[in-house]
Amino acid sequence: MNHTTEEMMTVAAARALRDGARCFVGIGLPSTAANLARRTHAPNLVLIYESGTIGAKPDHLPLSIGDGVLAETADAVVGVPEIFNYWLQAGRVDIGFLGAAQIDRLGNINTTVIGDDYRAPAVRLPGAGGAPEIAASSKEAIVVLRQSPRSFVERVDFITSVCSGPTTVITDLGVYSPDGDGELALTHLHPGVTEQRAREACGWDLRVPRAPKRTAPPSEGELAALRALAPRRKAAT
Amino acid sequence: MNHTTEEMMTVAAARALRDGARCFVGIGLPSTAANLARRTHAPNLVLIYESGTIGAKPDHLPLSIGDGVLAETADAVVGVPEIFNYWLQAGRVDIGFLGAAQIDRLGNINTTVIGDDYRAPAVRLPGAGGAPEIAASSKEAIVVLRQSPRSFVERVDFITSVCSGPTTVITDLGVYSPDGDGELALTHLHPGVTEQRAREACGWDLRVPRAPKRTAPPSEGELAALRALAPRRKAAT
Amino acid sequence: MTALLPLPDAVADLIGDGDTVALEGFTHLIPFAAGHEIIRQRRRELTLVRMTPDVVYDQLIGAGCARKLVFSWGGNPGVGSLHRFRDAVENGWPSNVELEEHSHAGMANRYAAGASGLPFAVLRGYTGTDLMRRTANVAPIECPFTGQELTAVAALRPDVTVVHAQRADRSGNVQLWGITGVQKEAVLAARRCLVTVEEIVDELTPRPGAVVLPSWVVTAVAHCPRGAHPSYAHGYYERDNDFYLAWDAISRDREAFAGWIREHLGAAV
Amino acid sequence: MTALLPLPDAVADLIGDGDTVALEGFTHLIPFAAGHEIIRQRRRELTLVRMTPDVVYDQLIGAGCARKLVFSWGGNPGVGSLHRFRDAVENGWPSNVELEEHSHAGMANRYAAGASGLPFAVLRGYTGTDLMRRTANVAPIECPFTGQELTAVAALRPDVTVVHAQRADRSGNVQLWGITGVQKEAVLAARRCLVTVEEIVDELTPRPGAVVLPSWVVTAVAHCPRGAHPSYAHGYYERDNDFYLAWDAISRDREAFAGWIREHLGAAV
């Protein structure tokens with residue numbers, strides 16, 4: 001089956017979620033990928049949303065991180081202060097799963113403003129949401145975003161979130177992880193993506209291993225499961 | 001009707017609770033008096049127990065401050081951290097209602113140890129419970145205890161709780177309030193109690209006004225309501 | 001005790017120009033009807049507080065009610081940008097809006113501190129981010145036992161909090177369920193509060209997962225069926241997702257926005 | 001994932017000599033059966049933590065399990081003194097027990113800090129009392145925004161927390177309701193936890209006022225019908241008040257106490 005680059009990105013992100021892990025699902029594409037993982041290789045993935053739903057098992061893709069289906073299917077529903085204090089901050093989350101508008105060479109995340117002047121930004125983004133504490137308190141972080149020279153930058157315009165544990169960055173072109181010195185480096189190229197294309201879509205001089213691994217293309221099962229989620233996907237966060 | 005000194009103390013304490021007030025009911029005789037008040041002049045008294053029950057309306061005297069009837073009849077049941085933080089500490093309680101083993105000239109309360117040596121006390125008492133914060137965070141405090149030279153002392157052996165607002169102390173002999181300089185002074189004598197008797201049951205040189213007021217004896221209605229509570233009273237806290 | 005009031009009277013009584021006003025509801029039970037009434041009554045110079053200033057605050061900002069916004073995430077959930085919010089920040093239309101921004105954890109703890117009668121709360125957060133430089137309401141604090149450095153956030157104490165709930169009884173006791181968010185904390189942190197409700201009932205029968213606010217912490221209740229539309233009210237109606245999608249186009253254009261406000265709220269912008 | 005174990009195995013696996021052990025349950029759902037098993041297994045040198053060390057801790061202290069007690073109120077609720085507790089403190093029988101005492105608000109916040117992964121919590125409390133002088137786990141702290149002085153209490157992190165609940169499902173998800181006290185915080189603050197339950201069911205249907213602990217924070221579940229007796233389990237059985245009254249006489253006398261332990265627990269003191 002043919003697939004789009006967005007489908008590849010979503011499938012690659014879903015694969016990074018191991019079965020049984022406790023995953024704090026941030027706003028954006030992460031919710032689609034986490035729900036795909038639950039329908040494919042990770043039926044026991046524990047989905048935790050910042051709306052206070054722990055162990056949600058939605059039968060359709062939620063329209064927002066506070067969709068009623070999350071409360072109806074959760075093991076427990078708690079208040080927002082509690083979800084951040086007792087569940088996230090206390091270190092009970094294995095994987096923090098985030099979107100981003102920009103990420104930089106050192107893995108800093110920006111979801112606040114584009115432009116040099118905070119008070120008069122070129123683009124005002126939504127802001128932090130749960131991301132700073134998801135990035136800081138999860139045992140590891142997965143960040144998904146579309147890659148371009150404007151989103152993969154030398155230095156973000158605003159540091160909204162800093163990942164404190166092992167980090168995996170998944171884009172429409174490939175997969176990246178920090179090297180020993182903390183600089184983001186390519187580890188996998190998605191099918192059909194050249195090293196050259198990944199370099200061109202990166203705002204710094206990208207480190208590429210001698211022989212980057214290749215992401216396996218989406219399987220028929222993965223694509224079918226993803227597309228079964230699709231009817232409501234446009235509206236999902 | 002004849003009445004015992006304990007009945008007089010309980011009735012006097014109940015009368016001190018005005019209708020509609022939010023009353024944080026500590027362990028001990030306060031629960032009996034608060035439930036009596038709800039059955040007599042203060043049907044809209046809001047009873048708050050440290051077990052997390054807000055607006056409890058028990059139809060019988062609870063066996064403890066965590067009796068199931070409190071949860072069944074409450075407007076809301078919350079956890080123990082919440083009852084202390086969001087409800088008591090935030091200043092939402094009008095009247096904190098406490099028992100005590102000792103009280104001193106300056107109104108300090110002891111429920112911890114009797115004796116000079118904390119590590120080898122003559123009598124080990126239960127300890128603080130909720131009292132320090134009930135005394136400190138309620139808008140006013142009512143303290144009930146039996147009066148004797150051992151309970152009404154110059155200086156308590158251990159300061160467990162300090163009342164921060166207006167305070168009324170109700171004993172089996174009379175009613176006391178701090179004077180302008182903070183020293184507890186007699187305001188009312190219960191029926192049949194002489195000034196001399198109140199002085200003898202006090203460990204310091206008691207201030208008595210020229211003409212102490214007299215507590216009205218328990219009415220028939222009050223005694224009947226109190227005795228209707230009585231069958232389970234012995235076991236109540 | 002709680003006043004049962006028509007919504008216009010409740011807004012007129014409780015909310016004044018220049019007030020710090022929090023409308024809360026985390027995706028669920030967003031008090032849209034109350035927000036619309038604030039626009040109709042042309043409140044000005046408000047400091048608007050909300051973790052997720054979504055479409056309802058886009059409307060208030062576009063209508064010129066806001067002087068300042070205290071928030072942690074401002075977007076149209078599931079759709080994209082808030083265009084009125086962006087137009088105010090990027091272009092100063094209809095006026096400049098001062099921003100104070102936090103993380104969700106920071107905002108939630110600020111409300112919890114307010115509800116607890118404490119001047120601040122402690123969390124692990126903000127460390128290494130540029131958020132700390134942008135407000136005086138975040139500061140480092142040292143643990144007196146371990147010497148660890150943590151983050152303190154100042155308590156939030158809105159003049160008024162507005163929330164929407166499923167039900168109240170005639171005394172003003174309020175019950176809400178489903179995703180209950182930060183509503184309890186936002187109500188208890190405020191000096192006054194207004195609760196709009198789907199239904200007024202004789203008795204609040206217990207519900208799994210329900211939060212109950214006793215009447216004596218509720219200043220006013222207003223009966224507003226569908227008062228959370230286009231968001232949802234668990235057990236009453238679903239989110240009107242078409243509206244959220246349509247809002248993207250309406251709000252992109254200043255004229256289209258003004259027309260919508262005129263047509264749907266009967267208010268001039 | 002949660003282990004479903006017989007109570008003796010669960011206690012043997014989770015609780016070792018010298019551990020810091022919290023048994024929680026605020027008047028309701030007191031884990032008596034687990035306490036009795038700790039006595040049978042002759043655990044020693046425990047630091048026993050509990051807001052209200054009532055009859056169950058009187059038994060543990062009298063049986064010689066405790067080295068230290070961390071608590072806020074030690075009495076026989078509704079009856080009077082704890083005679084084994086008093087005998088240990090006043091006369092060192094069967095051994096001296098070190099005391100660290102707090103207020104309820106202090107203990108509740110210490111658990112909440114532990115559950116939150118913070119080293120301390122902040123409250124208004126202890127001010128002007130002699131409690132501050134008796135432990136290093138309470139200290140003044142200054143608000144970085146207002147300069148107000150408040151009180152910090154150190155987090156509690158028990159090695160093991162034991163609670164009793166009405167139900168668990170076969171995966172080890174736990175549900176308790178009625179007065180839920182500080183159990184959630186005590187479980188989440190602990191390194192390991194054991195939950196004894198009245199029933200193991202196929203599915204946990206939602207209940208008003210229920211707290212649910214997901215299986216992945218529960219180390220072990222043991223099926224113990226009437227495991228909270230003589231305290232009560234809301235919806236299952238009432239408090240056996242006669243036992244609380246009878247305990248007063250049993251516990252006053254060392255011989256009577258030892259006889260009761262022998263007869264009812266099959267354990268030597």
Side-chain angles (χ1 to χ4, degrees), chain B residues 27 31 49-53 62-68 70-72 74 76-85 88-89 108-113 115 118-137 156-162 164 232 234-237, chain D residues 25-28 51-53 71-82 85-86 88-90 92 99 101-109 111-112 115 121 123-131 133-134 177-185 209 211 231-232 234-235 238-239 241 244-245:
Chain B
I27 203 158
S31 184
Y49 285 83
E50 63 198 17
S51 54
T53 50
L63 286 171
S64 78
I65 50 141
D67 194 307
L70 300 176
E72 280 158 14
V77 181
V78 302
V80 168
E82 180 179 326
I83 198 76
F84 282 104
N85 293 344
L88 177 61
Q89 179 175 268
N108 296 307
I109 293 171
N110 176 18
T111 55
T112 303
V113 288
Y118 172 79
R119 302 210 174 275
V123 181
R124 174 65 226 194
L125 301 166
E133 285 80 23
I134 298 173
S137 291
V156 289
D157 295 332
F158 189 98
I159 301 178
T160 313
S161 306
V162 182
S164 64
R232 301 180 78 164
K234 184 158 187 287
T237 61
Chain D
F26 203 84
T27 310
H28 176 215
M51 290 182 64
T52 53
F71 76 110
S72 39
W73 191 87
N76 182 342
V79 180
S81 284
L82 290 180
F85 162 65
R86 286 186 55 181
V89 176
E90 294 169 10
L99 299 186
E101 58 187 303
H102 291 268
S103 66
H104 277 350
M107 285 290 282
N109 277 291
Y111 279 125
L123 73 159
R124 291 184 200 280
Y126 294 84
T127 312
T129 76
D130 287 335
L131 292 162
R133 295 193 287 114
R134 293 294 165 191
W177 64 88
I179 287 170
T180 55
V182 76
Q183 281 99 309
K184 180 188 276 188
E185 287 77 14
V211 164
S231 79
Y232 73 104
H234 205 121
E238 303 222 327
R239 166 168 151 140
N241 204 48
Y244 281 84
L245 295 168

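Note that the structure is a prediction, hence the values are computed from the model and not measured. Below, all heavy atoms of this structure are taken into account, side chains as well, without hydrogens, waters or symmetry copies. Every chain is numbered from 1 and lettered A, B, ... according to where its sequence line falls, protein lines coming before strand lines.
One finds the CG atom of L63(B) at 8.5 Å from the CD atom of E238(D) (value rounded to the nearest 0.5 Å). With rounding to the nearest 0.5 angstrom, the CG atom of L131(D) is 4.5 Å from the CZ atom of F158(B). Taking CG of L123(D) as the start and CD of E133(B) as the end, the distance is 5.5 Å to the nearest 0.5 Å. Interatomic distance, R134(D) CZ to R119(B) CZ, rounded to the nearest 0.5 Å: 5.5 Å.
Proximity to chain B (any heavy atom under 4.5 Å) is shown, for Y111(D), by neither the backbone nor the side chain. L125(B) touches chain D through its backbone: at least one of N, CA, C or O sits under 4.5 Å from a heavy atom, while the side chain does not. Of the atoms belonging to V113(B), not a single heavy atom falls under 4.5 Å from chain D. Heavy-atom distances place the backbone of A122(B), and not its side chain, under 4.5 Å from chain D. Only the side chain of F85(D) comes within less than 4.5 Å of a heavy atom of chain B; its backbone N, CA, C and O stay farther away. Residue contact with chain B, scored on non-hydrogen atoms closer than 4.5 Å, involves the side chain of M51(D) exclusively. Both the backbone and the side chain of E50(B) come within contact range of chain D, with heavy atoms under 4.5 Å apart.
The candidate with the highest count of non-hydrogen atom pairs below 4.5 Å against chain B, out of G125(D), G181(D), S81(D), G80(D), is G181(D). Ranking T53(B), N85(B), V77(B) against chain D, the residue ahead of the rest is N85(B), based on heavy-atom pairs under 4.5 Å. When each of P121(B), P132(B), G129(B) is checked for heavy-atom pairs under 4.5 Å with chain D, G129(B) comes out on top. For chain B, the option among A108(D), G106(D), A105(D) with the highest count of heavy-atom pairs below 4.5 Å is A105(D).
Across all non-hydrogen atoms, the minimal contact from G66(B) to I179(D) is O-CD1, 3.3 Å. Summarising the geometry of S64(B) relative to R239(D), their closest heavy-atom pair is CB-NH1, 3.9 Å, with the distance given to 0.1 Å. Closest approach of R124(B) to R86(D), counting heavy atoms only: O-CD, 3.4 Å. Minimum interatomic distance between G68(B) and Y232(D) (heavy atoms only, all atoms of both residues): N-OH, 3.0 Å. Summarising the geometry of E185(D) relative to P81(B), their closest heavy-atom pair is CD-CG, 3.6 Å, with the distance given to 0.1 Å. Residue R124(D) comes nearest to Q89(B) through the heavy atom pair N-OE1, 2.8 Å, listed as atom of the first residue, atom of the second, then distance.
In this structure, D67(B) and H28(D) have side chains that are not in contact, with every pair of non-hydrogen atoms separated by 4.5 Å or more. Using a 4.5 Å heavy-atom threshold, the side chains of V80(B) and M107(D) count as separate. Taking the side chain as every heavy atom from C-beta outward, I65(B) and F26(D) approach each other to under 4.5 Å.
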